[in-house]
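Counting starts at 1 for both ligands and their atoms, following the listed order.
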Amino acid sequence: MRILTFLAACCLSASAAPNIVFLFSDDHALNAISAYGGRLKDVAPTPNIDRIAREGMIFERSYCTNSICGPSRASIITGKHSHLNGFRNNDSDKFDGTQQTFPKLLQKAGYTTAMIGKWHLVTQPTGFDHWDILPGQGSYYNPDFISENGKERVEGYCTDIITDKAIDWLENRPKDKPFVLMCQHKAPHRPWVPAERHYTLFDDVTIPEPDSLFDDYSDRSDELKKQQMTVADHFSWGHDMFLPRKPEDPRFLDMALGDRRRMKKEQKSAFDAAYGPKNEALYQKLAAGMSDKELTQWKYQRYMKNYLRCVRALDENIGRMLDYLDKSGLAKDTIVIYSSDQGFYLGEHGWYDKRWMFEQSLSMPFLIRWPGVVKPGIRSQALIQNIDYAPTFLEAAGAPIPSDIQGRSLLPVLKIDGEAPNDWRKAIYYAYYGERTHHVAAHDGVRDDRYKLFRFTKTGEWQLFDLKNDPDEMHDISGDPANAETLERMKALYQEMRTKYEVP
Ligand code: CA
């Protein structure tokens, strides 16, 4: 099969050794991408990201292996699950850069490789001819970058600067070789500080609330009640809500907004002028008395507007890159992908953040444009995962796919209009190993095209969800005798997947 698709790839004359531009962001939920038709498509559309779907293929069942920043990135770059690439959590793991990665394999295949923006794998990048990255999480304003030449601070807004640097690299790259460019944004990661031009965007609208904003976690494991990632109780006054001082109200955690400290005098003035009146209105409301529900709704609006403002700058910059590829003549020979390291809760289940195997954070956007290979306007239902990106890039480049890579090249799916071939995977395997932050219990599980089964590692408790009848995952049906057969089938699938992926 692999030999056949390899030969097929080589026969595509227009796409022999195509360039690859991997546009990537951090924590971008499907509900905040209008091409996905999500909850916020009308209030906050993303026309430039949507353009990739319109001119290419959008995957509606695209998932991560482990829903946090570092681990997802490690799975992408190695094509392997966390237990094999060694990066299971952001607390204590560092990426072992001596291992096999797709950029190194592409270099061997004659590609120039570049990594610009948020890297977040702790150790220095390896396998890149050029790299210029944000240290750690990076900053929205006047961010520092580190590269082979040391550290520099660049004045301006992070999302704009990363695109500037990426376009600058494209302009000045060695022109005698095909290239892979990984252009990886910080946005829309917490603390959701927008570009100055977007500070008042959405001021006059109300962002729709999800049905489960006030989820009480009944009908599911008590483990759900132990997390600390709710809109209601786990936002800090400064870092998350942009208030200038701690309100005399216990319903805010304590942390100032570090990004404001990095701003220059005039940047601070613009920030304070935009948020000051909105903040004063809140202080007055708090003094008059706000119910828990009213305050949660206010926090949700503040959170969502800032998140969506960050998405707006991101979308504008994706547009800027697509325009550059057109103008430079690169578009026709270049695969363009848009993805993000995992999904995010935009108030669903009362949450922000990620980590859980529930759909909103398990899902990753994956949109791909490949002129001459991928027909425009196709929506694929194939079950794909971030371990598939590495083998896809290798096969597209005409390079061999090492047998220890666990993902599968998407080329067969791309070539048959988004249909999964008969021997495609029937389910995906997921594992979250737990971190100190947010107190989400470790769990792993499987998802097929209808059901999701997951198991809490510590308690051994099972959760089973029927995604067809309960798409919001509000009811664990594992204890219902009517589902005994499904439960047994999914447990067998869980064991099968753990064996297949060599989970210890
Ligand atoms: Ca992330």
Proximal heteroatom of Asp27 relative to the Ca ion (ligand 1) (N/O/S): OD1
Indicate the ring-plane relationship of Phe87 and Phe95, choosing parallel, tilted or perpendicular according to the 30° and 60° boundaries. tilted
Would you please classify the geometry between the Phe271 ring and the Tyr275 ring as parallel, tilted or perpendicular, with 30° and 60° separating the classes? tilted
Pick out which of Lys278, Lys305, Arg302 makes a salt bridge (Lys or Arg N to Asp or Glu O under 4.0 Å) with Asp203. Lys278
Do any of the N, O or S atoms of Gln342 sit under 3.0 Å from the Ca ion (ligand 1)? yes
In the structure I gave you, are the side-chain heavy atoms of Gln385 and Met364 within less than 4.5 Å of one another anywhere? no
For the Ca ion (ligand 1), which N, O or S atom of Asp341 is at the shortest distance? OD2
Name of the Asp26 atom (N/O/S only) found closest to the Ca ion (ligand 1): OD1
Look at the N, O or S atoms of Cys69, main chain and side chain alike, and state whether any lies under 3.0 Å from the Ca ion (ligand 1). yes
With a distance cut-off below 6.0 Å to the six-membered ring centre and an angular limit of 45° from the axis, does Lys246 pair with Phe252 as a cation-pi contact? no
